[in-house]
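A, B, ... follow the sequence lines: proteins, then strands. Residue 1 opens every chain.
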2 protein chains.
Amino acid sequence: MKPVNLKKLAQELNLSIATVSRALNDRYDISQPTKDRVRALANKLNYEPNHHASSLRRNKSKTIGVVIPEVDNHFFSLAIKGIEEVARRNNYHVLIYLSHEDYQRELAVMRLLASGRVDGVLLSVASESQDFAHLDLLRERGIPVVLFDRVYAGKDMPKVTTDDYESGYRATQHLLEAGCRVIAHLTIAHTLSISQRRMQGYQAALQQFRVPYDEELVVCEAAGKPQSASLPQTLLTQRPDIDGIFAAVESLAMSSYEACHNLGLRIPKDVKIIGFSNLKTASLLAPPLTTITQPAYEIGKEAASVLFQAVVKNRLVSAAQSKELKSELIVRASTASTTLSSKEPVALALALGR
Amino acid sequence: MKPVNLKKLAQELNLSIATVSRALNDRYDISQPTKDRVRALANKLNYEPNHHASSLRRNKSKTIGVVIPEVDNHFFSLAIKGIEEVARRNNYHVLIYLSHEDYQRELAVMRLLASGRVDGVLLSVASESQDFAHLDLLRERGIPVVLFDRVYAGKDMPKVTTDDYESGYRATQHLLEAGCRVIAHLTIAHTLSISQRRMQGYQAALQQFRVPYDEELVVCEAAGKPQSASLPQTLLTQRPDIDGIFAAVESLAMSSYEACHNLGLRIPKDVKIIGFSNLKTASLLAPPLTTITQPAYEIGKEAASVLFQAVVKNRLVSAAQSKELKSELIVRASTASTTLSSKEPVALALALGR
DNA sequence: TTGAAAGCGCTACCAC
DNA sequence: GTGGTAGCGCTTTCAA
């Protein structure tokens, strides 16, 4: 019932606890025969070192914390996959916390993590987050933090992001080139720098094409609110002149599809839609969705790698370690140019499997 | 830089370490004024108890481990959400491990967890798992384990599953009622009881409808192998008489769609498809996919609840604690009966947004 | 090459 | 009510 510990091993082997410990840690000052004997017994008794004891002693937990707004979202689950991958390679464990887009929760979690429970933290901030005192708290304790995707713009800390400005620009440009002139932009929390950058790209593209910026066309989802699902529908009803939608997050692209269905608007003929998304099924939608796809898995891996540089070297890293990865524009039928309508029936038939 | 500890607080307050500890733990034998003084300073200095020290001392880690085959899958990410929810309510932390469908990894993780690092474990087994010695290991250590979704059939331990037999039956029945007579069943690892039960439901429904069971129509995906994506296509090519597909996992339903597109087969006219899936976009696919949807979030919550019963009461639980939740059959266009073809153009136009 | 012993930060037992 | 102290299991000086 009670797990075997060093004492038990030492007794059985007539060795001291210290020797057993060193043998198991493969220290150079222990003879090979002793090492072998110790290892053999440890294996036989299924010895596993007590993690809390060694963490306490070494002041290293071999654990990182990951704090994300939500997990039922392809972007974050892929990022976790990448993070777990790197952590495992470094023999690290991964604690997961969901902020549910709630700054209070994020704060509470970060406070907990400040107590030496983890050697480092990966954070993608909640959309409500405005204050970042909690980051300083970890910094004071010497616990490195790397932000990914949803980051605080100003802070001097390493961030792993994507080219959100360029992506916003390209998405909007793509719609404009496809003939759209009244382009709605659906986004989340203005406070997020990620949203701001996508939006700036949107504005820049409009300007480039000499399309006036219309504030009414930019709608921001209140974080985690249920009404957000109906947001596109409300907008499309109020502004029937909209002929393009640029959704800054996957969920808004999906509710735009639903809104079009409900309102009898044809995609892409009446409204063209492009959205940030990591949906594997984007190409199987009706019609297939044109996406800006972030390299979510790579972001996770990259963020974890940057963190481990800090963790291993045991020092705080700065904004200088930041990385920016490129998102990919994947053109599909939802933004097919109306001038290509002669080809449309074929494409549609294919999409339908007809 | 160094985190504040009890010693520091005790010094500043001219109290003993013991008193400070008890004050912070709100013990009855400490006077209110003292508690207030201690709390005030602790707050001011951002004191957070050292988790490893108290875990070591109390022999309680306030942490559970979650071991799943993969995370980039709606079922598991929703389950995690449910688990995290319950854990948080119990003031517990959640460690995440991905087995990547690899038994060796699963084993290695379970060994690690046997060392008192966690107070309990939630496990959804890798498809390759055949041996379960690692479960006994945790049992010996008194660490409760609850299996969810992908479970070991025989073991006397609590399991949280869905009505897989009934779901398999209903899915197949649904296809049969829609007119299918040559129904392929795409599944994963035969060794999983979950697969076996779905398959038994499939067989039972066939028998009920006096449709002979054809072994060739049952194809099993080799876990995590890249060829699995092309599996439906190979099958549909070899057996052009197939008029229905029952996919036991989401990914196989998706590759069936792709296969149909590639082969020019019309869904649902030529082939009807039903699949287990937690895809939020099922209704937006071309055509909308009929699904068996498992209550993933609830499974996570339920599994965690069962685990916490054991963790709190500090005893192992048995199979008697098992729960079975119901999956839901959501009928959509991918299995629309061919006799309804008069309505089809409308449905399709809607699906297309035309 | 091995052993003895201190101590990581905390809790719990026993005094007073 | 409060303080002293032992000890959770481990690592790591320092001695031998």
- Message: Could you check whether B/R58 pairs with B/D119 (Lys NZ or Arg NE/NH1/NH2 to Asp/Glu carboxylate O, under 4.0 Å)?
- Response: no

>> Between A/D136 and A/K155 (salt bridge meaning N to carboxylate O under 4.0 Å), is one present in this structure?
In response: yes

Separation of [N] [atom2] from [X] [atom1] (nearest whole Å):
X	N	atom1	atom2	answer
B/Q11	D/dG4	CD	P	13 Å
A/R141	C/dG9	CZ	C1'	14 Å
B/N59	D/dC10	CG	C1'	14 Å
B/L6	D/dT5	CG	P	17 Å
A/K7	D/dA6	NZ	P	15 Å
B/L13	D/dT2	CG	P	12 Å
A/N5	D/dG9	CG	C1'	7 Å
A/K60	C/dC8	NZ	C1'	16 Å

Residues in ring-ring contact (aromatic ring centres under 6.0 Å, His included) contact with [X], at least two apart in sequence or another chain:
X	answer
A/F75	none
B/F76	none
A/Y297	none

So does A/S16 get a side-chain nitrogen or oxygen closer than 4.0 Å to the phosphate oxygens (OP1/OP2) of C/dG3?
yes

Does a nitrogen or oxygen in the side chain of A/T19 sit under 4.0 Å from OP1 or OP2 of C/dT2? no

Side chain of [X] - closest among [options]:
X	options	value
A/A53	C/dT2, D/dC10, C/dA5	D/dC10
B/L56	D/dG3, C/dG3, C/dG9	C/dG9
B/R58	D/dG3, C/dA12, C/dT2	C/dA12

Within residues 27-51 of chain A, the residues having a heavy atom closer than 4.0 Å to DNA chain D are A/R27, A/Y47, A/P49, A/N50

Walking DNA chain D from its 5' end, the first of B/V20 and A/A18 to be reached, judged by nearest nucleotide, is B/V20

Practice problem: Check every strand shown and say whether A/S21 touches a base, only sugar-phosphate, or nothing at a heavy-atom separation below 4.0 Å. | Solution: base

Side-chain donor-acceptor pairs under 3.5 Å in residues 39-50 of chain A, sequence neighbours left out?
from: A/R39; atom 1: NH2; to: A/D26; atom 2: OD1; distance (Å): 3.2
from: A/N46; atom 1: OD1; to: B/R111; atom 2: NH1; distance (Å): 3.4
from: A/N46; atom 1: OD1; to: B/R111; atom 2: NH2; distance (Å): 3.4
from: A/N50; atom 1: OD1; to: A/H52; atom 2: N; distance (Å): 2.8
from: A/N50; atom 1: OD1; to: A/A53; atom 2: N; distance (Å): 2.9

Validation: residues 78-90 of chain A side-chain donor-acceptor distances under 3.5 Å, sequence neighbours left out:
from: A/E84; atom 1: OE2; to: B/L98; atom 2: N; distance (Å): 3.0
from: A/N90; atom 1: ND2; to: A/V86; atom 2: O; distance (Å): 2.8

